[in-house]
Peer 1: 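If you scroll down you'll find the structure; I have some questions about it.
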Amino acid sequence: MQYLFKGRIAPVWLGLTIVTLLSWLISSGQDNVMKPDLTVSMAVVVIAVIKARFVLREFMEVGHASRWLRVLSDVWVVGLPPAILVALSV
Amino acid sequence: MASTNADSSLDLTPAEIDKAQRHDANPLDGIWIFIVGDLFIFGSYFVTYALWRNWQHDVFLSAQRNLNLGFGLFNTMVLLVSSWFLAAALKAMRAADWDTSGRWTLATMACGLVFVVSKISEWTVEVGHGFVFTSNMFSQFYFWTTGVHLLHVLFGLLALFRLYLEVKDPTCRNVATAESAAAFWHMVDLLWLVIFALMYLTR
């Protein structure tokens with residue numbers, strides 16, 4: 001069990017779990033009516049890519065990787081929400 | 001990756017091994033080229049989904065009612081737990097604690113199998129309710145995206161199985177191979193986080 005709590009992986013996992021439940025709560029609060037809601041949509045997308053960045057940095061250890069990998073992964077994380085926002089809005 | 005076999009570093013402390021064997025991804029390393037390519041292919045697919053969602057908003061919103069949010073949340077949790085277990089397996093490996101590493105690798109594979117069974121059960125329920133690939137544009141995106149993702153999970157399970165065999169065989173142990181398998185598995189988790197948000201949670 002010691003390795004589960006070695007370093008930052010346990011707090012990162014706990015944070016990812018809490019944020020996942022939060023985004024589920026944000027969305028399921030709308031469940032009965034299922035109305036279109038761009039704010040809710042963008043909130044859950046932004047939360048998802050923030051979680052993705054933590055997976056990239058903490059579990060995939062991209063933070064210790066070479067510069068090209070850090071830059072490309074950050075381009076993906078930073079670029080995806082605005083691209084989706086534009087696609088949902090045009 | 002610049003990792004070396006941990007057996008050659010047994011005179012170092014676990015912390016030193018951990019630091020020394022952290023990957024310094026090589027630009028020519030195939031797995032990272034594949035992972036970054038896969039992320040961008042899925043990313044463009046997510047944007048295409050958002051465009052269609054915008055164009056057929058009522059259809060997508062109505063069709064989304066066929067999805068079971070409970071299944072989606074459960075599958076997300078299972079993959080998050082699997083990533084945690086695999087990170088622990090890698091830490092054990094870097095400390096040359098191979099038995100423990102093997103156990104956490106097996107636990108990760110168990111989570112992956114739970115995901116596969118859960119996903120197939122979810123599809124079975126949906127198809128049973130008449131929600132099939134050809135129902136509408138949303139269902140095509142949903143079954144295609146989750147199907148391709150499930151293929152990734154199955155490939156990931158194969159990679160983990162190979163990793164487990166290597167961990168059990170003292171002549172084959174290689175932290176670099178383990179890091180590649182782990183990176184692929186974490187990417188599978190990462191992609192699901194976005195799929196869950198886009199398919200199940202957006203409104």
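Protein chains get the first letters and strands the later ones, always in sequence-line order, with residue 1 at the start of each.
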Peer 1: Identify which part of V90(A) has an atom lying under 4.5 Å from any heavy atom of chain B, answering side chain, backbone, both or neither.
Peer 2: both
Peer 1: Measure A92(B) against the heavy atoms of chain A and call it side chain, backbone, both or neither at under 4.5 Å.
Peer 2: both
Peer 1: Counting only non-hydrogen atoms closer than 4.5 Å, does L39(B) touch chain A with its backbone (N, CA, C, O), its side chain (CB onward), both, or neither?
Peer 2: both
Peer 1: Go through the side-chain N and O atoms of W185(B) and T108(B) and say whether any donor and acceptor fall under 3.5 Å apart.
Peer 2: no
Peer 1: Is V194(B) in contact with chain A via its backbone, its side chain, both, or neither, using a 4.5 Å heavy-atom distance?
Peer 2: both
Peer 1: What part of F184(B) lies closer than 4.5 angstrom to a heavy atom of chain A: side chain, backbone, both or neither?
Peer 2: neither
Peer 1: For S73(A), which atoms come within 4.5 Å of any heavy atom of chain B: side chain, backbone, both, or neither?
Peer 2: neither
Peer 1: Where does T100(B) contact chain A at under 4.5 Å (heavy atoms): side chain, backbone, both or neither?
Peer 2: side chain
Peer 1: Just by modelled atom types, is the V114(B) backbone N or O under 3.5 Å from a matching donor or acceptor in the S118(B) side chain?
Peer 2: no
Peer 1: Given heavy-atom pairs under 4.5 angstrom as the criterion, report whether the side chain, backbone, both or neither of A43(A) touches chain B.
Peer 2: neither
Peer 1: Using 4.0 Å as the upper bound for N to carboxylate O, is an ion pair formed by R53(A) and E58(A)?
Peer 2: no
Peer 1: Pick from V12(A), V49(A), T39(A), L72(A): which one has the most heavy-atom pairs with chain B under 4.5 Å?
Peer 2: L72(A)
Peer 1: Once you measure the plane-to-plane angle for W13(A) and W84(B), does it fall in the parallel (<30°), tilted (30-60°) or perpendicular (>60°) bin?
Peer 2: parallel
Peer 1: May I ask you to decide if the ring planes of H149(B) and F115(B) are parallel, tilted or perpendicular, using 30° and 60° as cut-offs?
Peer 2: perpendicular
Peer 1: For A178(B) versus M93(B), what's the shortest heavy-atom pair and its separation?
Peer 2: CB-SD, 3.1 Å
Peer 1: Flag the pair M42(A) / L88(A) as yes when at least one side-chain heavy-atom distance between them is below 4.5 Å, and no otherwise.
Peer 2: yes
Peer 1: Between the main-chain N or O of I47(A) and the side-chain N or O of S23(A), is there a donor-acceptor pair closer than 3.5 Å?
Peer 2: no
Peer 1: Checking heavy atoms, do the side chain of L73(B), its backbone, both or neither come under 4.5 Å from chain A?
Peer 2: side chain
Peer 1: Count the heavy-atom pairs under 4.5 Å between each of G79(A), G7(A), A83(A), A10(A) and chain B, then report the option with the highest count.
Peer 2: A10(A)
Peer 1: Just say parallel, tilted or perpendicular for the rings of Y49(B) and F138(B), cut-offs at 30° and 60°.
Peer 2: tilted
Peer 1: Taking the basic N atoms (NZ, or NE/NH1/NH2) and the acidic carboxylate oxygens, is any pair closer than 4.0 Å for D58(B) and R53(B)?
Peer 2: no
Peer 1: Checking S89(A) against chain B: side chain, backbone, both or neither under 4.5 Å from a heavy atom?
Peer 2: backbone
Peer 1: By a 4.5 Å heavy-atom criterion (distance strictly below it), what part of W76(A) contacts chain B: side chain, backbone, both, or neither?
Peer 2: both
Peer 1: Heavy-atom distances under 4.5 Å only: say whether I35(B) touches chain A with side chain, backbone, both or neither.
Peer 2: side chain
Peer 1: Go through the atoms of W104(B) and report whether side chain, backbone, both or neither lie under 4.5 Å from a heavy atom of chain A.
Peer 2: side chain
